[in-house]
Structures are given as C-alpha cells and as structure tokens.
Amino acid sequence: MRKYWQIAKGRMQENTAYSAWYWAGTASAVMRLLIIYFFWQAVYANQTTIQNINLETMLTYIVIAMLLQGFVGGVGNELAENIKDGQVAIELMRPYDMIFKMFAVDIGGKIMYLIQGTIPMLLIAYFFMDISFPKSPETILLFGVSALAGIWIGTFFDFLVGVLAFWTVNVWGVRVLKESLITFFSGALVPITLFPDWLRTITEFLPFQAMVYLPVSIFSGLISGTEAYMALGVQLFWLVSLYVLVRFIWSQAIKQITIFGG
Amino acid sequence: MITVENLKKEYKLVKRDPGLKGAMKSLFNRKYETKHAVKGIDFTIEQGETVGYIGSNGAGKSTTIKMLTGILTPTSGKVTVNGLVPYENRQKNAVNIGAVFGQRTQLFWDIPVRESYNLLKHIYEIPEQEYQETIEMFTEVLNLESLLGIPVRQLSLGQKMRCELAAAFLHRPKVVYLDEPTIGLDIAVKVKIRKFIKEMNQRWGTTVLLTTHDMQDIEEICDRIIIIDGGTILYDGGLDEIKKQFGQKRVIHFELADKEKFELPSALNGQVEVLPNEEETKISLSFDHEAVKSSFVISEMMSMYEIGDLNIADPKIETIVEDLYNKQEQGEEHEKVLANS
Ligand SMILES: Nc1ncnc2c1ncn2[C@@H]1O[C@H](COP(=O)(O)OP(=O)(O)OP(=O)(O)O)[C@@H](O)[C@H]1O
Ligand SMILES: [Mg+2]
C-alpha cells in the first residue's frame with residue numbers, strides 16, 4: 001500500500017516540476033468556469049425554467065458537473081504511450097501490480113488537480129455564483145459516494161481505452177472519440193433529462209451517465225430519495241463490470257506483450 | 001542461480017505485401033512469418049559469477065535477457081532464476097533482479113535523481129539504514145554527488161547511465177542483467193562503470209550477466225563468456241580458456257630498417273605467417289605459440305635483420321571472437337553450398 005502512495009506522491013512532485021504550467025492550469029480552469037456560467041445565464045435571460053429546471057438548479061448542475069468532469073479522465077493516455085514505445089517492458093520488471101501503479105499515478109495527478117483546479121473553482125463558485133449547496137447531510141453523503149464511484153468508473157473506462165492502444169494503430173482517433181462520447185453522454189454539458197427521449201434511453205444503457213450525470217443530479221436535487229439509491233446501484237454495476245473488464249483486457253495485453261515482445 | 005534448458009524463442013511477425021493493396025490483403029488474410037531468435041540454448045550460471053554474453057547484432061542476446069527478466073515468455077524450454085520461473089512470477093522475481101537496458105530509462109523522467117531513488121526505496125521496500133549506506137557508497141564510487149539534484153531528462157548520456165546503474169543495484173539484487181550498459185559512453189565513464197560493476201560483484205556476490213560489443217568490458221569484468229550466434233551458443237567457458245583454446249596465435253610486430261629486402265628466415269618457413277602490414281617500416285609475423293617459441297622467432301629475426309623495435313601483441317579477446325564469428329559464417333555458407341548442390 002505504502003509503495004503505491006509513494007508513487008502517487010512522485011506524480012504530484014512531477015506535476016509541480018513545470019511550475020509555469022501549473023498556474024496556467026488554474027487560470028484555464030477558472031476561465032472555463034466563467035464562460036459556462038455566463039453562457040447559461042444568457043440562455044435563461046428570456047425564460048425562467050427549461051424542462052422544469054430553474055436557473056439556480058441548472059447552474060448548480062453545470063458547475064458541479066464541470067468540477068467533477070475534471071476527475072473522470074485517467075491515465076489511459078500514458079498507458080497507451082507506454083505500450084507503444086515499449087516502456088511497459090520495464091514496468092513488468094517491477095515488484096508492483098501495473099494496474100494499481102497506474103491508478104496510483106492517476107490519484108497523484110488528481111490530487112494535484114484538486115488543489116490547482118477544483119478548489120479555486122469551487123471557491124469562486126461558492127462566493128460569487130448563485131448555486132445551491134445541498135442542505136441535508138444524507139444528500140451530501142450520497143453525493144460523496146456517488147461522485148467517488150463516478151470518478152472510478154471514468155478512470156476504469158479511460159484505462160480500458162488506453163489498453164486498446166495495444167490493438168489499434170490510430171490511438172489518437174480512439175481517444176478523440178472517447179473524449180467526445182464522454183463529454184456528451186456523461187451529462188457534463190447538459191443534464192441528460194434535456195435529451196430527447198430516444199437518446200435518453202440509449203444513454204441509460206451506457207456507462208457514461210454514471211460518471212457525471214448521476215452524482216451531480218444527486219447534488220443538485222434532480223434525483224432524490226429511492227431514485228438516488230437506485231442510481232448508486234447502477235453505478236455499482238458499472239464499477240464492478242468495468243473493473244473486471246479492465247483486469248481481463250490487461251491480462252490479455254500482457255500475454256501479447258510477453259509473447260510478441262512488445 | 002540461473003538455469004536455462006533448451007530455451008527457445010520464436011517471434012511471429014505479420015507478413016505484409018508492400019503497398020496499400022498489400023495492407024488491405026493482410027486485413028483479411030494474415031500471413032505469419034516465424035523468426036527463430038533463440039534456438040534452444042542451455043547454460044547454468046552460479047551465484048556470484050560474472051558472465052559476458054556476446055554475439056553479433058541480432059544474435060539473440062537481448063531476447064535471452066528478456067526471457068530471464070520475465071518480460072518475454074519463451075516459446076519452449078525451461079528457465080529459472082533463483083528457483084523462480086520469471087515469466088510466471090514476475091513480481092516475485094523482480095525483487096531479486098536488477099537490470100539496465102542501454103537504450104531505456106527506468107528512472108522517473110521529471111523528478112530529480114535523488115527522488116527517483118527514494119521512490120525505488122519504497123517500491124523495493126529497502127530498509128532505511130541499508131538504503132542510506134547504499135546511496136552513500138554509490139555516490140562515492142560513481143561520482144553521483146553533483147547529479148542527485150538534477151531531473152533525469154537534463155542529464156547527459158554518461159551521467160544518466162551512471163544513475164541507471166546505481167538504480168539497478170540499489171535494492172542489492174542477487175542478479176543484475178546489463179544489456180549494453182556502456183553503449184555510446186566515453187572511456188572515462190566506461191572505466192568508472194566497469195569498476196563499479198566489479199566492486200558490487202565482489203562486495204555483495206551479485207551475479208552479473210552482461211552483453212556488450214566492447215570486448216574491453218568483458219576483459220575487465222567477466223570471468224566467463226558465452227558466445228551466441230544466430231540463436232545458438234558457440235562457446236561457453238572461462239575467459240582464460242577461450243584465450244588458450246582459440247588464442248594460441250601470437251603476433252609480433254618488428255620494425256625494420258629496410259622492409260624492401262625482407263624475406264622470411266628459412267628456419268621459420270612453414271611455421272610462421274607474414275601478415276599484411278600497411279606501415280612502411282613494419283613487418284608482422286603470426287605463429288602458433290605452442291609450436292614455436294616467441295624467443296626463437298625473435299632471435300632468428302635479429303640474426304638476419306637490423307631490428308629497430310619490436311612488440312609482442314597479446315591475444316586479444318576481440319580477435320578471437322571475430323575469428324569465431326567468421327568461422328561460423330564460413331561454415332554456414334559452406335552448408336548452403338552443400339545444400340544447393
Ligand atoms: N519484438 C520482436 N519481434 C520480432 N522479431 C524480433 C523482436 N525482437 C527481436 N527480434 C529479432 O530477433 C533476433 C534477435 O534479436 P535480439 O534483439 O535478441 O538481438 P541482440 O543479440 O540483442 O542484437 P544487438 O546486438 O543488435 O542488440 C533479431 O533477428 C531480431 O530481428
Ligand atoms: Mg540487443
């Protein structure tokens with residue numbers, strides 16, 4: 001356990017190595033937040049509700065979704081690079097589990113992002129924007145659990161796409177596809193309730209909504225009560241399925257690497 | 001201890017016809033080509049041995065080492081390292097081995113070397129005290145002091161290699177594999193690195209398996225060499241033995257006042273060969289030192305010519321190995337001719 005924590009710390013250190021970029025990251029995060037905030041204010045200029053969602057709920061949803069989306073990615077990219085340039089070979093000679101190691105690296109990166117991106121955005125949102133924070137401790141707790149589940153679902157999915165690099169020539173294409181699928185279907189742009197019915201039905205069968213839409217809906221009150229617990233159930237399903245899939249695909253990839261020589 | 005029995009590795013390559021048409025064709029109908037990189041080799045290496053593993057480009061050295069580290073799964077045959085099958089117990093095996101691959105870095109790119117070592121300390125669960133001692137010693141032997149604070153990406157090749165080497169030995173592994181650790185380095189760094197490897201071997205009894213194209217590395221570090229060519233082992237034995245066995249040829253270079261008039265003394269006829277020598281005043285004689293004594297050759301020469309200077313060349317492992325490769329090649333060609341006729 002300790003070694004994985006040290007690996008996470010190593011990544012945190014690496015991320016501070018480029019200190020100019022460190023603050024650029026913060027600036028760009030805050031920028032995006034402002035843009036999205038004023039955009040929705042403008043959308044609501046001529047109406048008080050859209051599909052029964054008022055401005056305050058919408059802003060709450062959008063801002064929290066944006067904060068959460070920052071954690072939904074993973075280290076798939078890096079894994080893909082490692083596989084392509086043969087660096088995995090070195091990794092296979094280390095006394096650790098490569099998947100856990102990559103997760104540790106990811107956690108390190110996310111802790112840095114939390115400090116550099118999320119916390120500044122959250123402070124600005126809290127003090128300067130009209131968003132409503134949940135009142136009941138139960139909702140906060142539910143959101144916490146659901147957000148963590150969403151983050152891990154996103155991480156597993158990203159890992160999965162990364163390992164696919166092993167079988168695909170055009171890694172870049174796969175990644176772009178993945179990014180746009182996630183942005184759209186996870187509900188990071190707009191709440192999925194605004195989708196037309198047929199699209200919503202599709203979305204419900206995909207893992208993406210479990211990454212952002214479900215936890216943020218709990219936070220902003222779009223989902224509550226039994227529905228919230230059902231949402232957690234759906235997330236649990238995806239969490240377990242994706243993890244099993246990650247393990248399986250990874251073991252296949254290792255088999256290939258050690259037979260074909262990378 | 002390392003044991004290898006009838007170890008084979010075949011690579012499967014997808015065969016592609018050239019051009020777009022070929023690419024399309026290979027989508028539907030994949031043809032594989034098999035490359036026999038290692039063709040059934042055997043050897044045993046005891047704890048504490050220093051073994052040079054040499055052979056020409058593409059001979060199968062790296063492939064063998066990768067199988068020993070567990071990175072590659074053999075096609076067939078047996079391999080164990082300290083009782084473990086590397087490709088089945090990768091993580092357990094990892095604790096007992098260290099490795100340097102000349103072209104790859106295993107340090108973390110963006111953080112200072114010292115932090116990399118610190119991370120390795122945790123990854124290999126090295127006790128703090130042991131770690132401190134090790135670092136102190138490495139710093140001294142490899143002159144790392146000024147490098148420890150610098151991120152790896154800012155180091156020169158030679159500086160990086162010194163750091164890599166320290167990383168490979170940091171957890172005091174039983175076995176260290178070094179795949180071309182001196183590639184592209186200047187003499188001063190090579191000397192430092194050789195000294196370090198030797199010292200680690202003597203101090204901790206670390207088994208060292210080293211591949212290199214620099215025979216000086218072998219002469220200075222290794223007690224034993226294994227020569228591989230085309231995936232099969234040509235020679236396995238002590239460094240001294242190979243010199244005795246194949247290096248009975250001695251060469252003496254004489255500096256003559258007048259080379260034009262040179263003729264081989266009749267007493268040496270049939271036993272001594274005149275080698276081509278570009279230099280105007282020099283003549284080189286080669287002979288089997290079991291059959292003819294050097295002193296006899298010299299005295300014969302001196303009685304007939306005015307000798308300015310002379311120089312007896314040691315049998316160099318380099319020339320021996322070159323001879324071996326050449327013999328093998330000629331043998332192969334010979335076989336081909338036979339097969340064709
Ligand atoms: N991943 C791979 N896929 C297919 N063939 C490979 C692969 N790796 C090596 N080979 C082939 O196997 C043979 C042995 O290669 P290997 O890398 O073991 O040689 P080597 O002795 O280390 O050579 P060098 O001195 O050039 O490093 C070569 O013919 C090489 O082309
Ligand atoms: Mg090689």
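As the structure is a prediction and not an experimental result, all values here were calculated from the model. Letters A, B, ... mirror the listed sequences (proteins, then strands); counts begin at 1.
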* Output yes when a side-chain donor or acceptor of A/Lys3 lies under 3.5 Å from a complementary backbone atom of B/Leu120, and no otherwise. => no
* Asked: So, does A/Gln87 use its side chain to make a donor-acceptor pair with the main chain of B/Arg104 at under 3.5 Å?
  -> no
* For B/Ile123, is it the side chain, the backbone, both, or neither that has a heavy atom closer than 4.5 Å to a heavy atom of chain A? -> both
* With a 4.5 angstrom heavy-atom cut-off, which part of B/Tyr87 approaches chain A: side chain, backbone, both or neither? -> neither
* State, with a plain yes or no, whether a side-chain heavy atom of B/Phe101 is found less than 4.5 Å away from one of A/Met93. => yes
* Are any of the side-chain heavy atoms of A/Gln6 and B/Lys121 separated by less than 4.5 Å? -> no
For [X], does the [atom1] atom sit with more than 12 other heavy atoms under 6.0 Å from it, leaving out its own atoms?
X	atom1	value
A/Trp167	CH2	yes
B/Glu128	CD	yes
A/Lys84	NZ	yes

* With only heavy atoms counted, which part of A/Ile7 is less than 4.5 Å from chain B, the side chain, the backbone, both or neither? -> both
* To do: Let me know if A/Arg2 has heavy atoms under 4.5 Å from chain B in its side chain, its backbone, both or neither.
  => side chain
Within this structure, what is the [atom1]-[atom2] distance for the pair [X] and [Y], rounded to the nearest 0.5 Å?
X	Y	atom1	atom2	value
A/Ile90	B/Ile71	CD1	CD1	6.0 Å
A/Arg11	B/Ile111	CZ	CD1	9.5 Å
A/Gln13	B/Leu119	CD	CG	8.5 Å
B/Lys9	A/Ile259	NZ	CD1	6.5 Å
A/Leu92	B/Leu72	CG	CG	10.0 Å

* Asked: Based on non-hydrogen pairs under 4.5 Å, which of B/Glu115, B/Lys12, B/Lys92 is most in contact with chain A?
  -> B/Glu115
* Structure fact -> Here the pair of heavy atoms bringing A/Phe260 nearest to B/Tyr11 is O-CD2, 3.8 Å
* **Any residue of residues 95-123 of chain A which, by heavy atoms, sits under 4.5 Å from chain B** => A/Pro95, A/Tyr96, A/Asp97
